2 protein chains.
Amino acid sequence: MRRPQPTLKDIAAELNLSHPTVSRALSGHPSISAETKARVREAADRLGYVVNSGARMLKRGHGNVVGLLLPDITNEFYAAVAKKLSDDCSERHQQLILSVSADDADRELAQVRALLESRPTAIVVALTRKPHPETIALLNTVHCVQFMQTHPVLSGPRVTVEASGGARLAIEHLLSLGHRQIGFVGPTLDYAIGQARMEGVTAAMEAAGLAVDPTCVRLGPADGEFAFDAVLDLLAMEPRPTALYFSSAPISVAGMRALMRENIAIPADMSVVVAGVSPWYEAWPGGLTSITLPVRDLADAASRYVAEVAKGDVAAGETMLSFELVRRGSTAVNP
Amino acid sequence: MRRPQPTLKDIAAELNLSHPTVSRALSGHPSISAETKARVREAADRLGYVVNSGARMLKRGHGNVVGLLLPDITNEFYAAVAKKLSDDCSERHQQLILSVSADDADRELAQVRALLESRPTAIVVALTRKPHPETIALLNTVHCVQFMQTHPVLSGPRVTVEASGGARLAIEHLLSLGHRQIGFVGPTLDYAIGQARMEGVTAAMEAAGLAVDPTCVRLGPADGEFAFDAVLDLLAMEPRPTALYFSSAPISVAGMRALMRENIAIPADMSVVVAGVSPWYEAWPGGLTSITLPVRDLADAASRYVAEVAKGDVAAGETMLSFELVRRGSTAVNP
DNA sequence: GTGAAAGCGCTAACAT
DNA sequence: ATGTTAGCGCTTTCAC
């Protein structure tokens, strides 16, 4: 093992052919006799021949690779996107290179640079909140699909969600159930998406003729751990909110942990709207009412743009989808 | 945009240098004057130069890539592994190619073949239950880290878990609480890991002088959906089991859904041990007692082997870790 | 300190 | 139907 992989020349030598003939035989070129093709195929399999993608790329002028740059593969939402992209790539016989930015602009730049080394046919990127200008400049040199977050100076197709819509949906739902004092726990405003959600909350409240009570709003970093203390804090208020909206998946986990530790009955003592796509929302006793992204549709849209680029078309356009409210058992009428 | 990326020659022409000089300047070769290095660096940044990995690979004889082949990136366990590997790769300035086998041997073979095209420094692979012999033959031509599942004919380091241990842990725990009729829902036996779990169950029961009741055992495919019906089935038994052990994460979700739909009180009417690493286990009302893998340690071990290979060492050895039982509120004494 | 030349493995154009 | 040749972009001798 670990001896250098055989090359076309090795196969050619084995069969007393020239390496271009072997190349043509393996790629099914019409002007090669069926018998030669068979002999070549056999020898290739026997020697364990696998084409060298570097050499092929050099010749072709571009790689056969799709880049995917995400903030966090551990997030079930992004994992679902990676799965879809991986499936579609392997159908097109392409490779998927996965990079994780961890929501860090420096690392994002390094990853983009590294991705470009493979001359990808396309890059799908969920940008960080404040990308370096150089990151954008580099991305503008390739076919790039912007996912979730967009950047004004970056060209190419975009797949986004109507960002303030999820928050509005959640708040409207809770208002319609008669809740007036609603706690909101979400990501800090320097995330583009955090800002939009806050706007959604404000819009929904104002539409009902109500003002947002700033003491009911708790914001924190993306990992969501702050939500545990934030919820304990909200529970200690006098009077305490009758409903909560957790606006990201990690925040939802940490928030629910706090509610459970305090033995809050749901929805009797507290109505809760969570966010994200976990299969556990349906398994939860009574179910958890959730704001979910149309994961599948978003992933499909991104993948479709990638496929267009791979076919050689110029992909362009913007796909904007909407959040959905899935009503389950964690929200009830305010008594 | 989308014009061909600049090459070393382009930079060389721009500065009236030869392209080897530019190459040396960019890679910090000592015999290049500091001034030239600065000029080259500036021009490279200005033109947006990014090295062509294909050409580099051709010259070097091998790629700068790590392959990762998993059954399902959506599984939180595997996602955590991917995250760790991605982090470590980017520290070593390597790329991570993600492939998903979907537990399908044909697709696995195709993915391995595709991965080898990039001449990876190493491949981390969680094999399917019955890999094709050709898959193993191909993997034996590269440095390969076997993850979770192992294959007798495949050489190289292995990272596994003491496979029957999780099941034994779960059953022993339930037995110690006085349960005698224990339902077991797990993956079919043609998964190596399914078989080991069944053995663990049997061993634990026999150690207590009990026999496994085959009517309490339900096995099915990895996606776990069968567990919903399986649990409804178990609930209909006369007498009904007093405790359940779900031996994979997807099975746990589907199983819990069934229990919730039937309004089974946990742990009053039924003790439950789930499997996997979801953050939701701790948030669940009362908490869910779970059998968890030492995800972090497993990922670290795999990544360490990859790093050794990347450094040029011959990685070898076997790391075997143990399941852990995390006692939470879903298991109680049998009344 | 820098240039010239060769070659990695592959494919496409041209020759036989 | 098959062989010859050239060149993709890069690194690495070797020469100056």
Side-chain angles (χ1 to χ4, degrees), chain A residues 3-41 43-44 47-65 93 113-114 116-121 141, chain B residues 3-41 43-44 47-65 93 113-114 116-121 141:
Chain A
R3 64 183 184 302
Q5 304 268 1
T7 70
L8 289 182
K9 280 184 184 161
D10 295 324
I11 301 180
E14 185 93 359
L15 302 174
N16 286 315
L17 291 169
S18 66
H19 58 278
T21 301
V22 175
S23 171
R24 284 179 286 227
L26 288 174
S27 51
H29 196 284
S31 74
I32 298 287
S33 75
E35 192 222 328
T36 304
K37 275 181 183 163
R39 291 204 309 144
V40 167
R41 192 81 64 181
L47 299 178
Y49 173 79
V50 177
V51 57
N52 183 319
S53 68
R56 175 175 280 176
M57 159 176 166
L58 206 50
K59 192 78 230 194
R60 291 225 222 278
H62 61 267
N64 187 36
V65 158
H93 303 285
R113 218 192 282 279
L116 290 186
E117 292 185 5
S118 304
R119 303 292 189 264
T121 55
T141 68
Chain B
R3 65 182 183 304
Q5 304 270 359
T7 72
L8 289 182
K9 280 185 184 160
D10 295 325
I11 301 179
E14 184 92 0
L15 301 174
N16 285 315
L17 291 169
S18 67
H19 58 278
T21 302
V22 175
S23 171
R24 284 181 282 231
L26 288 176
S27 51
H29 196 285
S31 75
I32 298 288
S33 74
E35 192 222 327
T36 305
K37 276 181 183 163
R39 290 205 310 147
V40 167
R41 191 80 65 180
L47 299 179
Y49 173 78
V50 177
V51 54
N52 182 320
S53 68
R56 173 175 281 175
M57 159 177 166
L58 205 51
K59 194 72 218 179
R60 289 223 226 277
H62 61 266
N64 186 37
V65 160
H93 303 285
R113 219 192 282 280
L116 290 187
E117 293 186 5
S118 304
R119 302 292 186 264
T121 55
T141 67

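None of these values were measured; they are calculated from a predicted model. Proteins get letters first, then strands, A, B, ... in listed order; numbering begins at 1 in each.
Taking CE from Met57(A) and CG from Asn52(B), the interatomic distance works out to 3.5 Å, rounded to the nearest 0.5 Å. Expressed to the nearest 0.5 Å, how far CZ of Arg41(A) lies from CD1 of Ile11(A) amounts to 10.0 Å. Rounded to the nearest 0.5 Å, atoms NE2 (His93(B)) and CG (Asn64(B)) are 9.5 Å apart.
Put simply, chain B comes within 4.0 Å of DNA chain D, heavy atom to any atom, from dG9(D) to dT13(D), going 5' to 3'. Here chain A contacts DNA chain C (any atom closer than 4.0 Å to a heavy atom, that is under 4.0 Å), and the contacts span dG9(C) to dA13(C) from 5' to 3'.
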Please output the side-chain donor-acceptor pairs of residues 20-27 of chain B that fall under 3.5 Å, not counting sequence neighbours, one pair per line with the distance.
{"residue": "Thr21(B)", "atom": "OG1", "partner": "Ser18(B)", "partner atom": "OG", "Å": "2.9"}
{"residue": "Ser27(B)", "atom": "OG", "partner": "Ser23(B)", "partner atom": "O", "Å": "2.9"}
{"residue": "Ser27(B)", "atom": "OG", "partner": "Arg24(B)", "partner atom": "O", "Å": "3.4"}

Please list every donor-acceptor pair under 3.5 Å in which a side-chain atom of residues 33-40 of chain B meets a protein atom from a residue at least two apart or in another chain.
{"residue": "Ser33(B)", "atom": "OG", "partner": "Thr36(B)", "partner atom": "N", "Å": "3.2"}
{"residue": "Ser33(B)", "atom": "OG", "partner": "Thr36(B)", "partner atom": "OG1", "Å": "2.7"}
{"residue": "Lys37(B)", "atom": "NZ", "partner": "His29(B)", "partner atom": "O", "Å": "3.0"}

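When every heavy atom of Ala43(B) is checked against every heavy atom of Leu15(B), the shortest pair comes out as CB-CD1, 3.9 Å. Summarising the geometry of Ser118(B) relative to Ser53(A), their closest heavy-atom pair is CA-OG, 3.5 Å, with the distance given to 0.1 Å. Between Val51(B) and Arg119(A) the shortest heavy-atom distance is O-NH1, 3.4 Å. Nearest heavy atoms, Tyr49(B) versus Leu8(B): OH-CD2, 3.4 Å.
The stretch residues 24-37 of chain B touches DNA chain D through Arg24(B), each having a heavy atom within less than 4.0 Å of the strand. Listed by residue number, Asn16(B), Leu17(B), Ser18(B), Pro20(B), Thr21(B) are the residues of residues 12-22 of chain B with a heavy-atom contact under 4.0 Å to DNA chain C.
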